[in-house]
Amino acid sequence: NSKTVSMTVKAKRDDVFGFLAEVENLPLWAKDYCKAVSIEGDRTVIDTPMGRHFLVYDADEASGAIDMMAGASFEKMDTFPVRVHCLPEGYTSASFTFFQKEEVPDAMFEGQFASLVKEVTDLAERFGGGQILATQAEKRLYTGLVSKDLKATKAFYSDYFGFEAV
């Protein structure tokens with residue numbers, strides 16, 4: 001299963017790509033996922049809610065492709081592709097595709113994707129605002145969704161399902 005969120009902003013493609021292509025900027029826009037980036041020898045390490053992960057960041061300016069691969073080990077990394085395109089009249093589009101791993105329950109995947117949509121919305125604001133398009137999910141109640149982070153759980157149910165947190 002995969003979902004994509006795209007933003008269209010009135011900004012130069014080189015500015016959008018340049019910002020996203022710098023691994024050091026990851027905690028500035030992927031705030032829920034990446035808390036910090038560090039370079040340890042020849043390896044890039046990021047601090048995530050799931051712990052420390054290795055990161056391989058491959059950005060190709062000519063094609064506008066940024067492929068991020070992250071995981072607890074180099075043998076088991078997840079791919080997160082970003083594509084940046086120049087549009088007419090000074091607009092730029094960037095798309096972010098998120099893949100669901102087999103072991104991730106649907107409810108968790110939907111929560112992670114909702115977080116990505118929020119991050120991309122905030123990223124668009126960095127470039128003056130713009131249009132956000134996201135793959136829509138069915139809104140349904142997921143039983144058994146438990147998080148150690150009460151604030152995150154409340155936010156998930158409030159933002160995703162529209163429940164009022166009391």
- Message: Could you go through Met108 and Lys101, starting from their C-alpha distance and side-chain angles, then the distance that decides it, and tell me whether this counts as side-chain contact (heavy atoms from CB on, under 4.5 Å)?
- Response: CA-CA 11 Å; Met108 184 179 289; Lys101 296 185 288 188; over 6 Å; no
Considering all heavy atoms of both residues, which atom of [X] and which atom of [Y] are nearest to each other, and what is their separation?
{"X": "Lys10", "Y": "Glu89", "result": "NZ-O, 2.6 Å"}
{"X": "Met77", "Y": "Met69", "result": "CE-O, 3.3 Å"}
{"X": "Phe17", "Y": "Ala59", "result": "CZ-CB, 3.9 Å"}
{"X": "Pro27", "Y": "Ala36", "result": "CG-CA, 4.2 Å"}
{"X": "Ala62", "Y": "Arg13", "result": "O-NH2, 4.0 Å"}

- Message: Can you confirm whether more than 12 heavy atoms, excluding those of Glu102, are under 6.0 Å from its CD atom?
- Response: no
- Task: Verify the neighbour count for atom NZ of Lys35: are there more than 12 heavy atoms of other residues, nucleotides or ligands below 6.0 Å?
- Result: yes
- Using a strict 4.0 Å threshold on nitrogen-to-oxygen distance, state whether Arg126 and Asp15 make a salt bridge. no
- NZ/NE/NH1/NH2 to OD/OE distance under 4.0 Å, Asp122 and Lys31: no
- Query: Passes side-chain contact (heavy atoms from CB on, under 4.5 Å), Leu20 versus Val84? Steps please.
  - Reply: CA-CA 9 Å; Leu20 292 172; Val84 181; 4.0 Å; yes
- Same cluster or not: are Ile132 and Leu123 linked, directly or through other Ile, Leu, Val, Met, Phe, Trp or Tyr residues, by side-chain heavy atoms under 4.5 angstrom apart? yes
- Tell me whether Tyr91 is reachable from Val16 by hopping between hydrophobic residues (I, L, V, M, F, W, Y) whose side-chain heavy atoms are closer than 4.5 Å. no
- Task: Hydrophobic side-chain clustering at under 4.5 Å (ILVMFWY, transitive links): who's grouped with Phe99? Put none if nobody.
- Result: none
- Message: Walk me through whether Asp106 and Gln100 qualify under side chain to side chain donor-acceptor pair (under 3.5 Å).
- Response: CA-CA 8 Å; Asp106 290 346; Gln100 182 177 9; 2.9 Å; yes
Donor-acceptor pairs are to be reported for all side-chain atoms of residues 41-54 against protein atoms at under 3.5 Å, with residues two or more places apart or in another chain.
unit_1 : atom_1 : unit_2 : atom_2 : d
Asp47  : OD1    : Arg52  : NH1    : 3.3
Thr48  : OG1    : Met50  : N      : 3.0
Thr48  : OG1    : Gly51  : N      : 3.3
Thr48  : OG1    : Gly51  : O      : 2.7
Arg52  : NH2    : Glu40  : OE1    : 3.2
Arg52  : NH2    : Glu40  : OE2    : 2.3

- Has the side chain of Thr92 got a donor or acceptor atom that lies under 3.5 Å from a matching backbone atom of Ala11? yes
- Message: Would the distance check show the side chain of Asn25 and the main-chain N or O of Leu28 forming a donor-acceptor pair, the cut-off being under 3.5 Å?
- Response: no
- Item | side chain to side chain donor-acceptor pair (under 3.5 Å) assessment of Thr97 paired with Ser2 | CA-CA 7 Å; Thr97 301; Ser2 68; over 6 Å; no
- Task: Take Phe127 and Trp29 through the test ring-ring contact (aromatic ring centres under 6.0 Å, His included) and record every step on the way to the result.
- Result: CA-CA 12 Å; Phe127 292 100; Trp29 68 268; over 10 Å; no
- On the ring face of Phe98, is Lys3 found with NZ or CZ under 6.0 Å from the centre and within 45° of the axis? no
